[in-house]
Number of protein chains: 2
Amino acid sequence: MPDSRLPGDPAPPLPPPGRATIADVARAAGVHASTVSRALNPATRGMVTEAVALRVAQAAERLGWRPSALAAGLRTRKSRTIGILVPDLVNPIFPPIVRAAETLLAAQGYATLVANTDNDPAREEMLISRMAEHLVDGLMLASAAEGTRAIELCARWSIPAVLINRRLPGVATSAVTNDDRHGIGLAVGHLVALGHRRIAHLAGPPGVSTAIDRREGFFEALRAAGLEPAAVVDASGYTRAAGQVAMQALLAGPSLTMPAFTAVVVANDMLCLGVYDVLQGCGLLAGADLSVTGFNDMPFVDLIDPPLTTIRIQHAAMGREAAEALLAEIAEPATPRRDTRLTPELIIRASTRAAKQES
Amino acid sequence: MPDSRLPGDPAPPLPPPGRATIADVARAAGVHASTVSRALNPATRGMVTEAVALRVAQAAERLGWRPSALAAGLRTRKSRTIGILVPDLVNPIFPPIVRAAETLLAAQGYATLVANTDNDPAREEMLISRMAEHLVDGLMLASAAEGTRAIELCARWSIPAVLINRRLPGVATSAVTNDDRHGIGLAVGHLVALGHRRIAHLAGPPGVSTAIDRREGFFEALRAAGLEPAAVVDASGYTRAAGQVAMQALLAGPSLTMPAFTAVVVANDMLCLGVYDVLQGCGLLAGADLSVTGFNDMPFVDLIDPPLTTIRIQHAAMGREAAEALLAEIAEPATPRRDTRLTPELIIRASTRAAKQES
DNA sequence: TGAGGCAATGCAATCGATTGCAGAAAATGC
DNA sequence: GCATTTTCTGCAATCGATTGCATTGCCTCA
């Protein structure tokens, strides 16, 4: 295949219009391939005479040469590729994160591999292995589930990694998350200021760092306000369906004659959709009959009915910071790990209203 | 890979640290590297004795060998990687497409590079070049803009490509799109059935295939119903802001005393958000005062106020079909190009109501 | 003028897997 | 029992770029 010419055939024509290699450029510029390599690589351009660099650059341009990331990567053991693992790209909190990360990485010359884990540990491991095969320079793990072996796998393949959105207990890995405690505090503070005294919490799935922190933040903020939690129920996942189930459980709580609470602090916007579903089913109106707060300010919750009061997290900043942390670790593996907490912000909309006067 | 462990199951032990190459496996199994290669590759396993294959497999397992996608790709000129270009991953119609494609591709052993073009031709070309450098086996182009050189670039690098969501005039490239004409027809038919006679169209940006098809579909359906279009305005892009501007233009139309239309067929859901904004600003209510239909049924338009009547497209099927078409072309470049139109479906919600009796 | 120093370039090995070809071994045919 | 296939395995080249080391040429300075 390399050269199937028969003896006597004319010499092969100039590099085919498809693909020029560094050797082709070398021939065209009248220098050795290694010189071409040095001339074309900004980092080593200094090792080459100005004139040669120019001649090589022109030859490369003329031949339409493009580097082969595979060949370079094979030699340097760097693919200039970063992997991003998300549980489910359709969950609207992830696209902004991925997008921000991808944009920053692209500007630094990195390509981005994206994959969905479906929260399935086996699938996650398979994907990490595959990314390792592709020799990704780093991995961004969004919402790694508890008990995941992702970190061990990254260590096994020596892939720098950064956690996004969720932390993992006891692992020395950089993470970019939200200050969940503070965020929930904002929600509770807002409700208290509106006069609510019986406040419930619809918590996230146990074992997930965001759920734990928000749960604890809830108790803490309530205590600070001198109140007792009216009710707490854990959702089984961050889904609309889980929100429905949990909300039903909350409403079916101890007091059957009247709701035991006037407001509910929900651990996440997606759960709120389920909460809205249940309220609608009961003929209740969020805001008017029961104040509801969410978390994330995911896209379009400003458009639902009623617009959701929620805690806005810095989606894009999360992706950016994580990408930066990762690049820092790639450039200098000895970089100390960082645990970045982004400060969230209270967004007041119509799903929270002043508590009715207690009669 | 058929490892579908349940959470809690004991995880298989991690292979020993370090990185084994095919040569290491060869040494361990007492055979030549080329034999290892053949034994490990399912396609060539048959060239090797059963016993040798087993011995090699065990050695590979024991050493924790993983293939190097870079090395293999360099040699075979196939990276087992597919690129997906979207204008903006944050636009909610894309995540379902990307996700479906990624899932199918992952099952076939492909990794997926995702990048955002921001509708910027220069950026798009840069990204395609970069993907070419990474030797992607194929490219999925979601919503390629008119006048893009993407197709030429793919041809230049001989990268099989498939268009998603939008077609491009005059290019012989497979495409998976929606039957936009039919979809708009459903919307018009629905409004006509509700008694509307003065129907306007808020069209998409000129030059974009979806906008053109929907525009034409609108005229066609109206003609079929024996009606004249009440008004038509083009939006400058598929964005909420463009929707606002276009809606204002529609309302400021010829008749200043009364709206010249009782219903508006909008080219896309995102534009509808702008339409809602304007209506709200005028104290008008979608549904009650003016019927509105969208297109795409993007996530969460069922939750906005009022829930949007729209045309549901098959997001996931679009990603899947496109991935399949692409894989077919990769496997057999002579595969005839296909132009797949997916049939959309009318989803009736509260933004459309029976026309008020004309007095 | 010749030794020493330095800068620019060439040489060749290397990264890890694949594959055409050739040789060895085993199976088959006559 | 020998020639001929058919299997199976090994050898070595190859993919395209990078890089440590060797070489060349030029400049400087004694």
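Just so you know, these numbers come straight off a predicted model, no measurement behind them. Lettering of chains follows the sequences in order, A, B, ..., and the numbering in each one begins at 1.
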Under 3.5 Å, side chain of B:Asp137 to main-chain N/O of B:Ile82, donor-acceptor pair present?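 Looks like no, no N/O pair under 3.5 Å.
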Polar side-chain atom of B:Arg320 near backbone of B:Ala100 as donor-acceptor pair, under 3.5 Å: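 Such a contact is absent between B:Arg320 side chain and B:Ala100 backbone.
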Compare side-chain N and O positions of [X] against OP1 and OP2 of [N] and report whether any pair is under 4.0 Å apart.
X: A:Ser37; N: D:dT18; value: yes
X: B:Trp65; N: C:dG16; value: no
X: B:Thr49; N: D:dT9; value: yes
X: A:Thr35; N: C:dG10; value: yes
X: B:Arg77; N: D:dG16; value: yes

Send over the distance from [X] [atom1] to [N] [atom2], rounded to a whole Å.
X: A:Asn41; N: D:dG16; atom1: CG; atom2: C1'; answer: 14 Å
X: A:Leu40; N: D:dG16; atom1: CG; atom2: P; answer: 16 Å
X: B:Arg19; N: C:dA17; atom1: CZ; atom2: C1'; answer: 14 Å
X: A:Arg55; N: C:dT9; atom1: CZ; atom2: C1'; answer: 11 Å
X: B:Leu70; N: C:dT14; atom1: CG; atom2: C1'; answer: 15 Å
X: B:Leu74; N: D:dT18; atom1: CG; atom2: P; answer: 12 Å
X: B:Lys78; N: C:dT19; atom1: NZ; atom2: C1'; answer: 15 Å
X: B:Met47; N: D:dC8; atom1: CE; atom2: P; answer: 9 Å

Kindly check if the number of other-residue, nucleotide or ligand heavy atoms within 6.0 Å of CD (A:Glu332) is above 12?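 Above 12, so yes.
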Is there a donor on the side chain of A:Thr21 or the base of D:dC15 sitting less than 3.5 Å from an acceptor on the other?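 No pair found.
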Answer yes or no: side-chain N or O of B:Arg38 and base N or O of D:dG10 forming a donor-acceptor pair under 3.5 Å.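 Side chain to base: pair found, below 3.5 Å.
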Give B:Val36 one of three labels, base, sugar-phosphate or nothing, depending on what nucleic acid heavy atoms sit under 4.0 Å from its own.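 Here B:Val36 touches no strand at all.
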Among D:dT18, C:dA17, D:dT9, the nucleotide that comes nearest once only the side chain of B:Ala72 is considered: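 Of the candidates, C:dA17 comes closest.
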Nucleotide of C:dT18, C:dT9, D:dT18 approaching B:Arg75 most closely (side-chain heavy atoms):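 Looking only at heavy atoms from C-beta outward on B:Arg75, the closest nucleotide is C:dT18.
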With no hydrogens and no angle check, do the side chains of B:Glu133 and A:Ser68 hold a donor and an acceptor under 3.5 Å apart?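 Looking only at side-chain atoms, A:Ser68 and B:Glu133 do not form any donor-acceptor pair under 3.5 Å.
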Return the 5'-most residue of the pair B:Val31, B:Ala71 with respect to DNA chain D, ranking by each residue's nearest nucleotide.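 Residue closer to the 5' terminus by nearest nucleotide: B:Val31.
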Within this structure, what is the CE-OG distance for the pair B:Met140 and B:Ser174, rounded to the nearest 0.5 Å?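 Going from CE on B:Met140 over to OG on B:Ser174, the span is 11.5 Å.
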